[in-house]
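In what follows, a structure is listed as structure tokens, so that the remarks can point back to it.
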Amino acid sequence: MNPSLLRSPWPWFSALALALLGVFVVYPLLYIFTASFFGDGGSGWVQLMHDGRSLAAIGNTLVLACVVTLCSTLIGVPLAYVSARFRFRGKLLITLLPLITLVIPEVVTAQTWLMILGNNGLITRFLKGHGIFLPSFYGWFGLITSMSFIYYTYVYIGTVAAIGKFDAQLEEAAQSLGTAPVRSRFHVMLPVIRPAILASALLVFTMVVGNFAISTILGHNVPLLSVAIYQAAVAEGASNLTMQSTLASTSVLIVMGLLFVNRRIIARGRYEIVQGRGAKPQPLKGGRGVLVSAAAGVVVAISLLPLLTIAVGAFTVSRGPVMRWGEWTLDNMARVFITAPGPLVNSILFAGIATLISVAFSTLVSYLVVKKPNLVTPLIDYVAAIPLALSGTVLGVGLLASFNGGFLSLTGTSTIIVLAYVIRRMPFGMRNGQAILHNIPNSIEEASISLGSPPFRTFLRVVLPMMLPAVASAAILTWTTTVSELSASLLVYSGGRETLPIQIFRLIDSGLMAYASAYGLVLVAVILLPVVIATTVFKVDLFGSK
């Protein structure tokens, strides 16, 4: 063996990283796939073909994902276009406020939509008093409405940059040849920004397929795949994994198939342009400016309704499930901090530990993949990206089944909750770490080593400080998504280890909306406070815009 390999720590770190990923990512995934074929009652796929409710859940999920993706695109792309191409009154707020919806947990969003438009919702009761009856918010109407006004933000963010950087001279050239302005946008600009739209739409589709919080709270009589996976896991436990494994495998196959189709579509038509000569935003005045500003403002206002509703509901008097709007109290908040603070403490503790582990692991693995490639680093890079294709319920089923006993029994411990957090959010750190490492010259590290500094010390003292902006950004993004995680933790948690999202979910199920609002408001504060501190005090560029 080459003596230099024995002296270098990086091959050993690579082997350790691959082993950890194999145990905690590949093994659970293979476990549920094999369990779907070899169950107590035979092949789960054969059982699935004769299970009408499960087939309905798969079909409903695909329909819901298509409809929500379409609605989100129809909202997000026009909003991105007017934001990138025009100046109008209130534009700054309209372009920034949708970002807030990204940090509102979905369990909170579902809860507040019910408080507004549920059977006893504020607006529902008001309209009933005036003889206007709205359709029930449970079922398709609520699912499509709430998800569309959450997920359009992802389409908006993914498209606005592409439109802003589009070379406007191409449009001008088409129009100089006699093409109408509207037609030039469809035939010239749309094909170029199509990859950005498709990528955003793909993200929305996969998020709808894996959505659990909104699906289970608002779905009711609409069978959906993520809810079916959860119900199968809860009903059958670890004694019969066949159906839950089959449904979980179906969810993974849907996402993987969509990724393949999306890649093929984009590969069929590639367009390269010189970016940086985007059109200057044109001022909109008079009636057009008011109309555009009002339409965009309505979209943003609707998407921010949950935040306002939860803030009011947290201080509203309630008698069981009945909210006494206009009567104020601090009792709900006292329950969070004094009477039952366990979920708050658990959320901060579990999410904090998971964030530290996830960021440390993803930073080291990113360094191995980019700066110290070897035979196994491509495999490490691929395996580390697998969690992107796993919904929370699929991950929960895999962990619960794989580590319920045997060589590593984690069921019923806090460790399995932290593990679920780490696996789900690890790709965030990988993305940030690899992006900045590509911009760090190898010569800096080589100079340090040539001066006698060992490789690992060089990494800690030279490379890591240069990575700190990306590491800090990854830590904040990991924290915000980890502390609001519900679907995986709801499957693997045990008594006394409830987190804020789990507590909110249980209170909603009991109809105690005021208490749920208090916990929800604290959850939003726990998410936003580190973001505000990081971006204002420490000047962390969270979205990598600099």
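Both backbone and side-chain heavy atoms feed into the values below; hydrogens, waters and symmetry mates do not. If you're wondering where the values come from, they're calculated on a predicted model, not measured in any experiment.
Judged by distance alone, the side chain of Ser450 and the main-chain N or O of Ala447 form a donor-acceptor pair under 3.5 Å. Between the side chain of Asn60 and the backbone N or O of Leu224 there is no donor-acceptor pair closer than 3.5 Å. With hydrogens and angles ignored, the 3.5 Å screen pairs no side-chain donor or acceptor of Ser251 with any backbone N or O of Leu247. Put simply, the side chain of Thr153 gets close to the backbone of Ile150: a donor and an acceptor are under 3.5 Å apart. The backbone N or O of Ala213 lies less than 3.5 Å from no partner atom in the side chain of Thr216, so there is not a single donor-acceptor pair. Using modelled atom types, one side-chain atom of Ser489 and one backbone atom of Leu486 make a donor-acceptor pair closer than 3.5 Å. Remark: the backbone N or O of Pro343 is not paired with any side-chain donor or acceptor of Thr499 at under 3.5 angstrom. Without hydrogens or angle criteria, Ser245 side chain to Thr242 main chain gives no donor-acceptor distance under 3.5 Å. When atom types are taken as modelled, the side chain of Ser226 and the backbone of Asn211 share a donor-acceptor pair closer than 3.5 angstrom. A donor-acceptor contact shorter than 3.5 Å is absent between the side chain of Thr482 and the backbone of Trp479.
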Under the criterion side-chain contact (heavy atoms from CB on, under 4.5 Å), I'd like the reasoning laid out for Leu523 against Leu344: C-alpha separation, chi angles, the key distance, then a yes or no.
CA-CA 8 Å; Leu523 176 57; Leu344 173 59; over 6 Å; no
Given Leu203 and Thr206, is the side-chain contact (heavy atoms from CB on, under 4.5 Å) satisfied, shown in steps?
CA-CA 5 Å; Leu203 177 62; Thr206 56; 4.3 Å; yes
I'd like to know whether Ile32 forms a side-chain contact (heavy atoms from CB on, under 4.5 Å) with Gln244, so could you lay out the CA-CA distance, the side-chain angles of the two residues, the decisive distance to 0.1 Å, and finally the verdict.
CA-CA 8 Å; Ile32 62 174; Gln244 58 182 287; over 6 Å; no
Pair Met430-Asp381, side-chain contact (heavy atoms from CB on, under 4.5 Å): steps then yes or no:
CA-CA 9 Å; Met430 292 283 293; Asp381 192 29; 3.8 Å; yes
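Judged by distance alone, the side chains of Thr246 and Trp45 never bring a donor and an acceptor atom under 3.5 Å apart. A donor-acceptor pair shorter than 3.5 Å can be found between the side chains of Ser414 and Arg497. Side chain to side chain, Asn346 and Glu498 fail the donor-acceptor criterion of an N or O pair below 3.5 Å.
One distance of note links CD1 of Ile502 with OG of Ser347; it measures 8.0 Å at 0.5 Å rounding. How far OG of Ser358 is from CG of Leu477: 11.0 Å, rounded to the nearest 0.5 Å. With values rounded to the nearest 0.5 angstrom, Ile217 atom CD1 is found 9.0 Å from Ile504 atom CD1. Separation of atoms CG (Leu491) and OG1 (Thr411) is listed at 11.0 Å; rounding is to 0.5 Å. The structure places CD1 of Ile423 at 12.0 Å from CZ of Arg425, a figure rounded to the nearest 0.5 Å. A distance of 5.5 Å separates CZ in Arg335 from OH in Tyr515, rounded to the nearest 0.5 Å.
In this structure, the side chains of Val155 and Val77 come closer than 4.5 Å at one or more pairs of heavy atoms. You'll find the side chain of Val522 reaches within 4.5 Å of the side chain of Met333, heavy atoms only. With a 4.5 Å cut-off on side-chain heavy atoms, Lys372 and Ser14 do not count as touching. Contact check for Ile380 versus Val365: side-chain heavy atoms found under the 4.5 Å cut-off. Side-chain contact between Phe37 and Thr34: absent, with no pair of heavy atoms (C-beta onward) separated by less than 4.5 Å. For the pair Ser146/Leu218, a side-chain contact is recorded, criterion being any heavy-atom separation below 4.5 Å from C-beta on. When side chains are defined from C-beta on, Val68 does not count as touching Phe149, because their heavy atoms never get closer than 4.5 Å. Looking only at side-chain heavy atoms (C-beta outward), Ser409 and Asn404 stay at 4.5 Å or farther from each other.
A distance of 6.0 Å or more separates the ring centres of Phe13 and Tyr367. A centroid separation of 6.0 Å or more is found between the aromatic rings of Phe350 and Tyr421.
The heavy-atom pair separating Leu399 from Ile416 by the smallest distance is O-CD1, 4.0 Å. Annotation for Pro427 and Arg424: closest pair CD-O, 3.7 Å, computed over non-hydrogen atoms. Taking each heavy atom of Val492 and Gly396 in turn, the nearest pair found is CG1-O, 3.9 Å. Closest approach of Ser484 to Ile527, counting heavy atoms only: CB-CD1, 3.9 Å. The two residues Phe403 and Pro28 have their closest heavy-atom pair at CE1-CG, 4.0 Å. When every heavy atom of Ser517 is checked against every heavy atom of Ala314, the shortest pair comes out as CB-N, 3.5 Å.
In this pair, Tyr230 and Phe505 present their aromatic rings perpendicular. The plane angle is above 60°, beyond the 30 to 60° band. Using the six-membered ring where Trp is involved, Tyr151 and Tyr154 have ring planes that are tilted, between 30° and 60° apart. Ring geometry, Tyr31 versus Tyr27: the interplanar angle exceeds 60°, so the pair is classed perpendicular (tilted spans 30 to 60°).
Each of Val383, Leu395, Leu20 was scored for a side chain to side chain contact (heavy atoms under 4.5 Å, CB included) with Val25, with one residue passing: Val383.
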